[in-house]
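Report on the following structure.
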Amino acid sequence: MAAARAEGPGPSGARAPAPLLVACALRIEQAALRSGGGRGAARPEPGYAVLRTGMGPRAAERAVGRALTRPGLARAPVLATGFCAGLVPGMSPGDLVVAEETRDPRGTVACEGTVLLAEALARAAPGRTVHTGALTGSDHVVRGQERAELRATGAIAVDMESAATLWTAKEAAADGWNRPVAAVRVIVDAPEHELVRIGTFRGGISAFRVLRAVLPAFYDWHRSFLLPRR
C-alpha cells in the first residue's frame, strides 16, 4: 500500500485530515492509480493511499479490514475502484460507473457524494459516458444469462470487490461515525462486448487510460469531506 499521511495534530494543533483510502483488486488497476493523472499530470496527492486487495470479496474484506486498523487510517474515507462488467445494453468499454449504492447478500451500502463524483468524472474524462446506479457484488465473473438476471434486480453493473470493500469500511467505523464511502468503476465488459479473459479484453488499454485519468475526480470527492459543514 502506498504511504499515507497520518492523522494527528498539525502545526496549529488541529487534527490533520484523514487520508483517502482507494482500494482496487488487480495489479494493473494499482499501476493506473499510482501513475498520477496521465501524461504530464502531477503525482498522486499527499493523503492518498492505494490498497491492492486481491480478487474476490473475501480478499477485499481481509485487506480493507487490516488497512483500516493502521495508524492514520481509522477515519479514512474509502473509495473502491477498478474494472467492472456493465449490465445495461449500450454500455461500452471505457464507460464509467458511479455507484449510488452497493449490494451483496448482506445488504446495501449507500454511497455518498455521487453527484459530485459524476460531475468530476465527466470533467476528468471528457467524452466518456458516466452511468449512475446500483453496483452489485459477485464472487465470480458474470456472463450470459446471469448478466440479464442481475440487470432485472435494478443493478447497472457488477464487480467482485466493491460491495465487500464498502461493507467492511462501514463495519470498521468506530463509535457510530459515518465513514464516507464510494465506488467508481470502469467498464471493460458489457452485454455487447463480453469478456473472455482479463488479459485479452479489447477495451483493456482504453479502460486503463480512463482509470489513470480520473484521479482528479477522486481528489475532489475527498476534499468535499474536508470542508466545514454548514
Side-chain angles (χ1 to χ4, degrees), residues 1-2 4 19-34 48-87 97-112 133-147 149-151 153-174 177-189 194-199 201 204 207-208 211 218:
M1 185 173 69
L20 170 62
L21 180 64
V22 179
C24 63
L26 303 177
R27 193 177 301 275
I28 189 173
E29 296 165 342
Q30 182 186 46
L33 294 165
R34 284 184 169 177
Y48 170 85
V50 178
L51 173 69
R52 183 166 69 90
T53 65
M55 287 184 67
R58 291 185 180 178
E61 290 168 12
R62 289 192 298 268
V64 173
R66 286 195 301 266
L68 293 176
T69 66
R70 295 173 185 171
L73 290 177
R75 287 182 173 263
V78 175
L79 189 150
T81 195
F83 305 139
C84 73
L87 301 176
V97 172
V98 178
E100 295 178 332
E101 64 182 30
T102 58
R103 303 171 178 175
D104 71 7
R106 293 168 296 188
T108 297
V109 175
C111 298
E112 292 152 77
L135 178 62
T136 195
S138 175
D139 61 2
H140 59 277
V141 175
V142 173
R143 295 189 176 93
Q145 181 59 31
E146 190 177 4
R147 191 194 302 270
E149 292 169 359
L150 290 175
R151 170 60 180 158
T153 70
I156 65 168
V158 58
D159 78 277
M160 290 192 283
E161 297 84 26
S162 291
T165 293
L166 300 199
W167 185 274
T168 302
K170 286 292 190 180
E171 288 287 292
W177 177 64
N178 183 29
R179 184 193 305 278
V181 296
V184 173
R185 290 277 167 173
V186 183
I187 293 173
V188 296
D189 180 35
E194 191 158 292
L195 180 69
V196 176
R197 195 168 71 242
I198 191 67
F201 56 80
F208 180 86
L211 193 55
F218 297 174

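No donor-acceptor pair closer than 3.5 Å links the side chain of Arg147 to the backbone N or O of Ala85. Using modelled atom types, one side-chain atom of Arg179 and one backbone atom of Ala76 make a donor-acceptor pair closer than 3.5 Å.
When every heavy atom of Pro19 is checked against every heavy atom of Gly72, the shortest pair comes out as CD-O, 3.1 Å. Residues Ala67 and Leu73 share a closest heavy-atom pair of O-CD1, 3.3 Å. Shown here for Ala157 and Cys84, the closest heavy-atom pair between the two residues is CB-SG, 4.0 Å. The heavy-atom pair separating Glu29 from Thr81 by the smallest distance is OE1-O, 4.3 Å. Here the closest heavy-atom approach between residue Val109 and residue Trp167 is recorded as CG2-CE3, 3.7 Å. Across Ala169 and Val181, no two heavy atoms sit closer than the pair CB-CG1, 4.0 Å.
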task = Apply side chain to side chain contact (heavy atoms under 4.5 Å, CB included) to Thr165 and Glu61, showing your working.
result = CA-CA 6 Å; Thr165 293; Glu61 290 168 12; over 6 Å; no
request  = Apply side chain to side chain contact (heavy atoms under 4.5 Å, CB included) to the pair Leu150 and Val142, showing each step before the final yes or no.
outcome  = CA-CA 9 Å; Leu150 290 175; Val142 173; 3.9 Å; yes
ask   = Run the side chain to side chain contact (heavy atoms under 4.5 Å, CB included) check on Leu21 and Leu79 step by step: do they pass?
value = CA-CA 6 Å; Leu21 180 64; Leu79 189 150; over 6 Å; no
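Ile156 is listed as a side-chain neighbour of Val97, based on a closest heavy-atom distance under 4.5 Å. Side chains of Leu68 and Val78 form a contact here, defined as non-hydrogen atoms less than 4.5 Å apart. Contact annotation: the side chain of Glu112 approaches that of Pro180 to within less than 4.5 Å [non-hydrogen atoms, C-beta and beyond]. Annotation: side chain of Pro57 is not in contact with side chain of Glu161 (no heavy-atom distance under 4.5 Å). In this structure, Phe83 and Asp189 have side chains that are not in contact, with every pair of non-hydrogen atoms separated by 4.5 Å or more. Taking the side chain as every heavy atom from C-beta outward, Leu33 and Cys24 approach each other to under 4.5 Å. Considering only heavy atoms from C-beta on, Thr136 stays 4.5 Å or farther from Thr102 through its side chain. In this structure the side chain of Leu26 reaches within 4.5 angstrom of the side chain of Met55, judged on heavy atoms.
For the atom pair OG1 of Thr108 and CD of Glu101, the computed distance is 5.0 Å after rounding to the nearest 0.5 Å. With rounding to the nearest 0.5 Å, the separation of CZ in Arg27 from CZ in Arg52 is 4.0 Å. Here the CG atom belonging to Leu135 is positioned 8.5 Å from the CG atom belonging to Leu166, to the nearest 0.5 angstrom. How far CZ of Arg106 is from OG1 of Thr168: 5.5 Å, rounded to the nearest 0.5 Å.
Using a 4.0 Å cut-off between a side-chain N of Lys or Arg and a carboxylate O of Asp or Glu, Glu146 and Arg151 do not qualify as a salt bridge.
Scanning for side-chain contact (heavy atoms from CB on, under 4.5 Å) contacts around Thr69 gives an empty result, with sequence neighbours left out. For the salt bridge (Lys or Arg N to Asp or Glu O under 4.0 Å) test, no residue two or more places apart in sequence or in another chain qualifies with Arg66.
For the 3.5 Å distance criterion, the side chains of Arg185 and Ser162 qualify, holding a donor opposite an acceptor.
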